[in-house]
There are 2 protein chains.
Amino acid sequence: MATIYEVSKAAGVSLATVSRVMNGNSKVSERTRNKVLKAMDELGYRPNAIAQSLASNRTNSVGLLVSELHGSFFGDLMSTVEKELRADGKHVIITAGHSDEAREKEAIEFLKSRRCDALILHAEAVCDDYLRELNESGVSLVLVNRMVPGMEQQCFVLDNEAGGYLATKAAIDAGHRDIGYISGPQSKEDARQRLAGHVRALREAGLNTENALVYQGDYHESEGANGFKQLWQQHPGFSALICANDEMASGAMTAAREEGINVPEQLSVVGFDDVLFARYLHPRLTTVDNPVSAMGLMAARWVLHNVYKKKLSGVIKNVFLPELISRDSLGTHL
Amino acid sequence: MATIYEVSKAAGVSLATVSRVMNGNSKVSERTRNKVLKAMDELGYRPNAIAQSLASNRTNSVGLLVSELHGSFFGDLMSTVEKELRADGKHVIITAGHSDEAREKEAIEFLKSRRCDALILHAEAVCDDYLRELNESGVSLVLVNRMVPGMEQQCFVLDNEAGGYLATKAAIDAGHRDIGYISGPQSKEDARQRLAGHVRALREAGLNTENALVYQGDYHESEGANGFKQLWQQHPGFSALICANDEMASGAMTAAREEGINVPEQLSVVGFDDVLFARYLHPRLTTVDNPVSAMGLMAARWVLHNVYKKKLSGVIKNVFLPELISRDSLGTHL
DNA sequence: CTGTTAGCGCCTTCAT
DNA sequence: ATGAAGGCGCTAACAG
């Protein structure tokens with residue numbers, strides 16, 4: 001691999017001049033620039049990004065922490081972020097935190113040791129204080145899917161409460177009165193908010209929220225099935241089931257079918273997230289859109305603007321409102 | 001951020017000594033080692049990976065090229081590779097090539113400029129010669145899902161022909177004689193091989209392969225639907241449809257349902273890949289397993305062994321044999 | 001506009 | 001076992 005020094009010799013100029021034509025900031029005469037370009041070309045020169053980073057104290061890389069590397073939710077997030085950042089020559093170092101506090105911290109330390117210029121975090125296990133400290137310690141960071149008081153401008157979130165409300169409201173509007181709910185783990189903020197939205201919709205419609213039909217799941221498909229079975233046993237014949245995510249909705253639909261219950265004729269089901277496979281389900285799942293890509297885009301733009309001083313294209317939006325995606329799994333109830 | 005120099009001062013030793021305790025290779029007396037450790041701890045010292053890389057000419061990072069950052073296939077691949085490599089302190093720089101030659105080359109150049117110690121490539125657009133040259137130019141690389149003559153030891157592939165055979169053979173064994181096939185784009189090697197396997201199974205069973213029922217799709221869901229419609233029009237009433245991937249199988253099933261055709265009672269469907277949503281489909285899809293994770297694991301291990309000189313855990317396998325995953329979409333035909 | 005000269009933070013012989 | 005010193009390849013003042 002040719003170095004900048006060899007290029008400078010070949011072009012008969014100084015080392016600094018080569019550096020200048022590479023970075024294109026300060027002025028270089030047309031003639032010398034061409035000489036240098038020619039030399040670079042002939043030597044097949046590629047700058048050593050590592051050395052550049054050390055000297056400039058800038059790595060042109062941003063760290064991205066997700067919970068998992070698979071799954072459509074994170075796939076969309078990574079995809080959007082990488083695309084937006086790559087378009088400006090930055091690159092993304094991706095790590096997984098596996099929803100575990102120790103591993104999330106380790107992953108963040110890892111990203112710091114690589115001297116990322118900025119961090120985009122989907123952190124769900126570490127506490128608010130840790131994130132605030134990190135923020136104040138000087139690293140540029142933004143948070144996806146999480147709202148930390150005091151860092152509002154750096155947080156990109158979905159209004160989960162509104163989404164929960166939307167899902168249940170849709171069922172109520174379709175005539176349902178007996179509505180079950182399978183929630184996410186209440187240790188997670190988004191799961192709590194989705195449930196809160198559900199309760200608000202119920203209350204607003206004058207429905208009983210005291211001994212409501214609620215089962216706490218864990219966002220996995222199997223708990224959707226378990227939840228359905230338990231709720232159905234507890235109160236056979238309810239007409240609609242709202243699930244805090246699509247995976248559990250899928251599990252619930254399968255379990256219902258096994259019991260010989262038709263969806264949506266006998267039981268309506270509504271999901272949340274609108275993951276890729278929601279439309280592959282049978283019947284196609286009515287669900288609430290989770291604009292991951294849009295949030296990822298904002299996170300990337302924030303970084304481009306605030307860290308790399310790029311001028312903004314469009315406005316930065318922090319809170320996203322969900323939409324109902326109407327498909328076939330929610331039927332009307334007379 | 002504290003530097004190695006500050007640590008050395010705080011510990012009252014030389015800079016070299018600090019470096020030694022960090023890397024733990026050469027001997028350092030117990031006492032000095034402790035002094036250094038203590039100083040590092042008190043200063044909250046974290047080595048600067050960039051500087052380490054520049055000095056040691058090793059980045060401890062491996063580049064991973066995939067076609068897309070989303071989708072279960074690549075999700076599984078990234079997930080496995082990252083996990084295996086992270087366990088040994090290496091990190092992964094992921095880029096997407098979008099099945100486009102120019103973008104794949106650009107991504108590879110990018111990875112090279114970051115001085116990755118090794119490359120794991122899922123390259124489908126660049127030609128064999130390019131890959132061979134890259135290989136001979138000195139960068140350590142392995143290929144996933146692609147066999148390049150002359151680099152067999154660095155290729156990790158599925159026997160697609162065997163998979164294609166397996167799928168069709170299963171249908172034949174279930175009594176089907178009228179069998180349609182929706183292939184992948186014949187510009188792709190794997191698609192050609194899967195089709196070849198299909199034809200072999202047909203021929204072996206003494207079935208007509210001349211004017212076979214074959215539609216060339218593009219691996220996307222919509223082409224599954226189009227393919228089904230066209231084949232059904234061309235030859236109404238065939239009893240089994242083999243699709244070169246699960247997405248197209250899903251599209252075909254949906255299209256069939258819209259025509260009022262029951263799966264699997266009236267039409268059996270078999271997919272390929274066993275992507276995540278295959279079991280969410282209704283009926284649950286019978287398909288051929290594509291051991292992406294296993295291939296990713298091998299790729300990661302090869303790198304660990306050949307580049308980082310780690311001793312092997314288990315044996316390295318280059319060619320994987322597919323298995324049939326029997327679920328509900330393939331019925332028997334009398 | 002171009003060249004000189006310090007570093008960036010760390011690793012690695014070579015001495016001691 | 002430990003220290004001194006010279007790079008790794010590049011950037012960024014500072015001169016000229």
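Letters A, B, ... mirror the listed sequences (proteins, then strands); counts begin at 1. Side-chain atoms are counted along with the backbone in the values below, which use heavy atoms only and exclude waters and symmetry mates.
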K.L.:
Which residue, B:Lys27 or A:Gln52, contacts DNA chain D at a nucleotide closer to its 5' end, judged by nearest heavy atom?
P.N.:
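That would be B:Lys27.
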K.L.:
For a quick check of understanding: with a heavy-atom distance under 4.0 Å over all strands, which category does B:Val13 fall into, base, sugar-phosphate or nothing?
P.N.:
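It contacts sugar-phosphate atoms only.
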K.L.:
Compare side-chain N and O positions of A:Tyr5 against OP1 and OP2 of D:dT11 and report whether any pair is under 4.0 Å apart.
P.N.:
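Checking A:Tyr5 against D:dT11: no side-chain N or O falls below 4.0 Å of OP1 or OP2.
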K.L.:
Between A:Glu42 and A:Lys38, is there a side-chain N and carboxylate O pair less than 4.0 Å apart?
P.N.:
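Between A:Lys38 and A:Glu42 there is a salt bridge, with a charged N closer than 4.0 Å to a carboxylate O.
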K.L.:
Round to a whole Å and report the spacing from CZ of B:Arg33 to C1' of D:dT2.
P.N.:
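So the CZ-C1' distance, B:Arg33 to D:dT2, works out to 14 Å.
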K.L.:
Rounding to a whole Å, what distance do you find between A:Lys9:NZ and C:dG3:C1'?
P.N.:
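Whole-Å distance recorded here is 17 Å.
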K.L.:
Pick base, sugar-phosphate or nothing for B:Ser19, based on heavy-atom distances below 4.0 Å to the nucleic acid.
P.N.:
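The answer is base, as B:Ser19 lies within the cut-off (heavy atoms under 4.0 Å) of a base atom.
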K.L.:
Any N/O pairs under 3.5 Å between the protein and nucleotides 4-8 of chain D? List them or say none.
P.N.:
residue	atom	partner	partner atom	Å
D:dC8	O2	B:Leu54	O	3.4
D:dC8	O2	B:Ala55	N	3.4

K.L.:
Are OP1 or OP2 of D:dT11 and a side-chain N or O of A:Asn23 less than 4.0 angstrom apart?
P.N.:
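Yes.
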K.L.:
Without decimals, in angstroms, what is the distance between B:Ile50 CD1 and C:dC10 C1'?
P.N.:
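Value for this atom pair: 12 Å.
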K.L.:
Contact class for B:Thr32 vs. all strands (heavy atom < 4.0 Å): base, sugar-phosphate, or nothing?
P.N.:
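Sugar-phosphate contact only - B:Thr32 comes under 4.0 Å of backbone atoms but never of a base.
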K.L.:
I'd like to know if B:Glu189 and B:Arg146 make a salt bridge, using a cut-off of under 4.0 Å between side-chain N and carboxylate O.
P.N.:
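Result for this pair is no, no salt bridge flagged.
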K.L.:
Rounded to the Å, how far apart are B:Met22 CE and C:dC10 P?
P.N.:
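B:Met22 atom CE is separated from C:dC10 atom P by 7 Å.
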K.L.:
Does A:Gly150 offer a backbone N or O that forms a donor-acceptor pair with the side chain of A:Glu152 under 3.5 Å?
P.N.:
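Yes, A:Glu152 side chain to A:Gly150 backbone: donor-acceptor pair under 3.5 Å.
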K.L.:
In whole Å, I'd like the distance from the CZ atom of A:Arg114 to the P atom of C:dG9.
P.N.:
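The answer, rounded to whole Å, is 16 Å.
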K.L.:
Rounding to a whole Å, what distance do you find between B:Met40:CE and C:dG9:P?
P.N.:
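Atom-to-atom, B:Met40 to C:dG9, this comes out as 17 Å.
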K.L.:
Whole angstrom is fine here: how far is it from CZ in B:Arg58 over to C1' in D:dG9?
P.N.:
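Result: 18 Å.
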K.L.:
Answer yes or no: does a side-chain N or O of A:Thr17 lie under 4.0 Å from OP1 or OP2 of C:dG3?
P.N.:
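Yes.
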K.L.:
Distance-only, no hydrogens or angles: does the B:His305 side chain make a donor-acceptor pair with backbone N or O of B:Lys310 under 3.5 Å?
P.N.:
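At least one qualifying donor-acceptor pair exists.
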K.L.:
Do the side chains of B:Lys105 and B:Glu101 get close enough for a salt bridge, i.e. N-O under 4.0 angstrom?
P.N.:
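A salt bridge links B:Lys105 with B:Glu101.
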K.L.:
Check for a donor-acceptor pair, side chain of A:Arg33 on one end and backbone N or O of A:Lys27 on the other, with a separation under 3.5 Å.
P.N.:
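No; zero donor-acceptor contacts below 3.5 Å.
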K.L.:
Whole angstroms only, please: what is the CD1-P distance between B:Ile4 and C:dG7?
P.N.:
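Rounded to the whole Å, the gap is 18 Å.
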K.L.:
Can you find a side-chain donor-acceptor pair between A:Asp190 and A:Tyr219 that sits under 3.5 Å?
P.N.:
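Per modelled atom types, A:Asp190 and A:Tyr219 side chains form a pair under 3.5 Å.
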